[in-house]
Number of protein chains: 2
Amino acid sequence: MTSIKDIARLAGVSPSTVSRVLNEREYVRAEVRKRVLDIVKEQGYVQNHVARSMVLRRSFTIGVVIPYLFNMFQRQLFASMEFFLEQQGYKTQFFFLRWSDASEQAFLRRLKSETLDGIIFIHELDNPSIYRYIQERGLPVALCTFEKQEFGFPAVHIEEEASAELAVEYLIQRGHRNIGLITGEHFSFGRQREDGYKRALAAHGLPYTPERTVRVPAYNPEAGRTGMLTLLQRKKPLTAVFAVTDELAIGAIKALSESGLKVPEDMSVIGLDDIDISAFTNPGLTTVRQPIFEMGKKSADLVCEWIAHGRMQGRAELFTATIVERESVRTLT
Amino acid sequence: MTSIKDIARLAGVSPSTVSRVLNEREYVRAEVRKRVLDIVKEQGYVQNHVARSMVLRRSFTIGVVIPYLFNMFQRQLFASMEFFLEQQGYKTQFFFLRWSDASEQAFLRRLKSETLDGIIFIHELDNPSIYRYIQERGLPVALCTFEKQEFGFPAVHIEEEASAELAVEYLIQRGHRNIGLITGEHFSFGRQREDGYKRALAAHGLPYTPERTVRVPAYNPEAGRTGMLTLLQRKKPLTAVFAVTDELAIGAIKALSESGLKVPEDMSVIGLDDIDISAFTNPGLTTVRQPIFEMGKKSADLVCEWIAHGRMQGRAELFTATIVERESVRTLT
DNA sequence: TTGTACGCGTTATCAT
DNA sequence: ATGATAACGCGTACAA
């Protein structure tokens with residue numbers, strides 16, 4: 001491969017001069033600059049990124065930590081991040097994490113070996129040692145869709161509890177009293193959204209009945225489907241269900257139709273996230289929208305600013321969720 | 001950061017010895033090896049990946065080229081690749097490409113600067129100069145979901161035409177004669193699937209009527225929706241539609257339900273791909289399954305073997321698609 | 001304004 | 001079996 005030395009030789013200057021030209025330093029005659037640039041173009045020369053990272057001790061790369069089986073919501077989120085990161089001159093390196101300690105350990109090893117400039121988490125980790133390592137090293141970081149109070153990292157997320165409350169409130173306003181909940185066992189947002197559900201019930205003097213809640217091991221459609229089936233099986237009266245993510249809701253709707261129940265005639269369903277596909281389900285899914293694109297941008301901005309200023313810039317960035325009305329909720333009369 | 005020199009000093013040996021231990025070379029006394037390993041563990045030392053890449057002139061990284069707005073099918077594909085690549089000790093670096101020449105140029109620049117060990121394309125590029133560059137450099141490469149005869153790169157894909165034919169054949173067997181087609185303007189698989197559609201019609205002596213074909217600018221649900229609407233508007237008799245991807249099919253079903261038409265009672269719909277979500281639509285989407293997981297694995301294997309043996313290993317790897325029966329197709333009587 | 005020399009962390013080669 | 005040294009490609013301090 002052609003290196004900076006080759007260019008220097010061809011242009012009849014020293015490597016340092018070529019370096020100065022390429023990095024837009026001053027102190028180089030316009031004439032020389034042009035000559036160098038011409039040769040660079042002619043040779044199709046591009047700086048070797050590895051060598052550059054080594055000497056600069058930075059990689060212009062931001063890591064994005066995401067579950068191995070990322071869902072559609074996270075997919076949209078990281079597309080947004082990648083877009084804004086690239087705009088600011090950063091490459092994105094994804095770390096797909098499995099739900100195991102071994103996977104988190106492997107991640108820590110990579111973290112140590114890769115000289116990332118910053119890191120964004122779209123995935124909540126169990127192991128606090130990783131957060132601790134990042135904190136000690138002072139690595140610029142942002143959390144997206146969750147927070148970790150103990151570490152004081154900047155966090156980007158919606159008000160989980162309030163957003164869930166909004167969804168349930170919407171059902172109650174439409175006359176629903178017997179409302180089921182499908183949530184997940186893992187991650188703090190599952191618990192927070194469950195709290196929002198309870199708060200909405202309480203605000204209207206409705207009792208919380210544990211039999212109307214089911215906790216599933218994942219947040220995908222299949223889990224939503226089995227969750228709904230379980231709920232149905234318990235034979236508690238139910239006119240509506242709040243699924244804490246859209247994917248769960250999509251699975252719930254499937255279970256309902258398999259059971260010969262119509263949405264929203266026989267059962268109303270509301271989700272939370274507003275992923276792309278939710279506009280295309282039958283019936284269209286009524287849900288609560290997270291501003292995905294903006295949240296991705298904010299996360300990217302937070303780490304980039306931290307890097308630029310050399311110190312942490314923000315703390316929590318709270319976004320507001322809004323109802324998206326489609327056809328999966330019926331008004332009881 | 002602690003470096004190999006620090007470990008060497010702490011263990012009372014030279015950096016070379018530490019290097020030998022870490023890379024599992026022979027010629028190092030068991031006793032010394034243990035001492036080094038203990039220090040490494042104690043210090044939490046990990047080799048610096050950047051320095052290593054520089055001297056070894058390889059990065060243990062495979063690039064995966066994918067459209068910026070990758071669809072759910074591609075999402076499953078690259079998850080599979082990432083999984084197998086990691087298993088073989090490679091990191092995955094994604095390149096999200098936009099549909100523009102500028103984006104392809106930027107990609108070429110990165111390609112030159114990054115010392116990748118290999119590359120997989122899940123995205124067909126317009127610009128032959130990129131393929132040419134890869135060919136000249138002898139960079140291990142695999143194409144997934146398409147091929148480029150001119151360059152003779154190994155390619156992993158289903159028999160596009162035959163798979164489409166299978167879908168249409170399925171409709172014809174069930175009594176459908178007036179079958180619409182929703183396909184995309186771009187990429188060779190769109191044309192190939194269209195050819196398969198025509199071949200199935202011809203095989204049964206059915207005429208090809210251009211008014212029953214619509215070509216949309218993307219392969220996502222929204223494009224499928226507008227495509228279906230267009231088809232409906234033309235008022236040609238129609239009992240079934242073949243959408244060349246599942247995402248298009250999902251959009252088509254949405255358009256149908258918006259128009260007050262029931263699937264499959266008033267109109268049958270069949271897709272192609274069998275993405276995860278297709279099992280959860282209402283009605284469940286009848287489609288043709290690409291063995292996504294296996295195709296991802298095969299692509300990963302092809303580049304890894306190429307790297308290991310120092311020369312190209314396979315050529316075309318053809319996979320067979322199979323019908324997945326769900327509820328979106330009705331048998332006419 | 002430009003060139004020389006050194007160092008970044010690692011591995012391979014060659015001595016010992 | 002182990003250590004010294006050079007080299008990978010680049011940026012920068014310092015000399016010129």
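Labels below follow one simple rule: chain letters A, B, ... track the order of the sequence lines, proteins then strands, and each chain is numbered from 1.
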Residue [X], side-chain heavy atoms: nucleotide from [options] that is nearest:
X: A:Ser3; options: D:dG9, C:dG9, D:dG3; result: D:dG9
X: A:Leu56; options: D:dT12, D:dT5, C:dT11; result: D:dT12
X: B:Met54; options: D:dC10, C:dG3, D:dC8; result: D:dC8
X: B:Val55; options: D:dG9, C:dT11, D:dT2; result: C:dT11
X: A:Asn23; options: D:dG11, C:dG9, D:dG9; result: D:dG11
X: B:Ile4; options: D:dG3, D:dT12, C:dT10; result: C:dT10

Rounded off to whole Å, could you give me the [atom1]-to-[atom2] distance for the [X] and [N] pair?
X: B:Lys112; N: D:dC10; atom1: NZ; atom2: P; value: 14 Å
X: B:Lys5; N: D:dG3; atom1: NZ; atom2: P; value: 15 Å
X: B:Gln47; N: C:dA12; atom1: CD; atom2: C1'; value: 14 Å
X: B:Met1; N: C:dT10; atom1: CE; atom2: P; value: 12 Å
X: B:Arg9; N: D:dG3; atom1: CZ; atom2: P; value: 15 Å
X: A:Leu22; N: D:dG9; atom1: CG; atom2: P; value: 15 Å

Given DNA chain C, 5'-ward residue of the pair B:His49 and B:Arg20, judged by closest heavy atom: B:His49
Given DNA chain D, 5'-ward residue of the pair A:Val18 and B:Val13, judged by closest heavy atom: B:Val13
Toward the 5' end of DNA chain D, by each residue's nearest nucleotide, A:Asn48 or B:Pro15: B:Pro15
Donor-acceptor contact below 3.5 Å, side chain A:Ser53 vs main chain A:Ser59: no
Measuring to OP1 and OP2 of [N], would you say a side-chain N or O of [X] lies under 4.0 angstrom away?
X: B:Arg25; N: D:dT2; value: no
X: B:Tyr27; N: D:dG3; value: no
X: A:Thr17; N: C:dG3; value: yes
X: A:Arg52; N: D:dG11; value: yes
X: A:Arg57; N: D:dG11; value: no

Centroid separation B:Tyr131 to B:Phe121 less than 6.0 Å: yes
B:Gln76-B:Asp276 side chain donor-acceptor pair, cut-off 3.5 Å: yes
Smallest separation among heavy atoms of A:His186 and A:Tyr219, with atom names: O-OH, 2.6 Å
Atom of B:Ala11, atom of B:Val36 and distance for their closest heavy-atom approach: CB-CG2, 4.1 Å
Distance, nearest 0.5 Å, that separates CZ of A:Phe78 from CD1 of A:Ile120: 12.0 Å
Sugar-phosphate only, base, or nothing, as touched by B:Val32 at under 4.0 Å among non-hydrogen atoms: sugar-phosphate
